[in-house]
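Read the structure below first, then the notes.
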Amino acid sequence: MLALTLETAKQLAVSVVAIFVVAAFLAAWIMKTIVQKFATVFVLGLLAFAVFTQRTSLQDCADKVQGNFERIGTDVTVTDTDCSFFGATITVKDPRLDGGAA
């Protein structure tokens, strides 16, 4: 059998407490890095999803600009197109202005 004296038991208890404290700090540090990685992946995934859902708005805007240009292609009237992206209204200038026709 293992016989412990009172002094040996006290020293062993202090050593075990020290090991548990170090293990607790290591566990907290490891968990912090894991949580940071998951949080980063979550935020980037959320941003990717938000941009992905806005692709139809961008396509609709491109179609509206193209339609305005084709429909009034011979007219000199400048037609700006308003589009919505993430809830903000964006005005797309008439592409014919770059050609100097207006």
Side-chain angles (χ1 to χ4, degrees):
M1 281 244 173
L2 181 64
L4 292 176
T5 63
L6 181 59
E7 265 318 298
T8 307
K10 286 181 183 179
Q11 291 174 355
L12 183 62
V14 170
S15 300
V16 169
V17 167
I19 289 171
F20 283 151
V21 168
V22 170
F25 280 115
L26 286 174
W29 179 74
I30 290 170
M31 292 301 291
K32 181 185 79 159
T33 57
I34 290 172
V35 169
Q36 285 175 341
K37 288 177 185 177
F38 281 126
T40 301
V41 167
F42 178 75
V43 168
L44 291 176
L46 189 62
L47 289 172
F49 177 74
V51 171
F52 183 76
T53 59
Q54 289 296 310
R55 75 191 189 292
T56 56
S57 294
L58 289 174
Q59 185 60 50
D60 291 343
C61 181
D63 292 342
K64 283 172 33 178
V65 170
Q66 184 70 28
N68 284 343
F69 181 70
E70 288 175 352
R71 186 174 56 244
I72 322 171
T74 58
D75 192 359
V76 292
T77 305
V78 175
T79 307
D80 293 338
T81 306
D82 289 332
C83 299
S84 176
F85 187 64
F86 285 110
T89 301
I90 301 168
T91 301
V92 179
K93 299 292 181 189
D94 191 317
R96 294 171 290 180
L97 288 178
D98 293 334

If you look only at distance, which donor and acceptor atoms sit under 3.5 Å apart when one is on a side chain in residues 45-55 and the other is two or more places apart or in another chain?
from : atom 1 : to  : atom 2 : distance (Å)
T53  : OG1    : F49 : O      : 3.3
T53  : OG1    : A50 : O      : 2.8
Q54  : OE1    : F86 : N      : 3.1
R55  : NH1    : F52 : O      : 2.8

#### Entry: Residue pair Q59, D63: steps toward the side-chain contact (heavy atoms from CB on, under 4.5 Å) verdict
CA-CA 6 Å; Q59 185 60 50; D63 292 342; 3.0 Å; yes
Enumerate, atom names and distances included, each donor-acceptor pair closer than 3.5 Å involving a side-chain atom of residues 36-43, sequence neighbours excluded.
from : atom 1 : to  : atom 2 : distance (Å)
T40  : OG1    : Q36 : O      : 2.8

Under 3.5 Å, sequence neighbours excluded: what are the donor-acceptor pairs made by side chains of residues 15-32?
from : atom 1 : to  : atom 2 : distance (Å)
S15  : OG     : Q11 : O      : 2.9

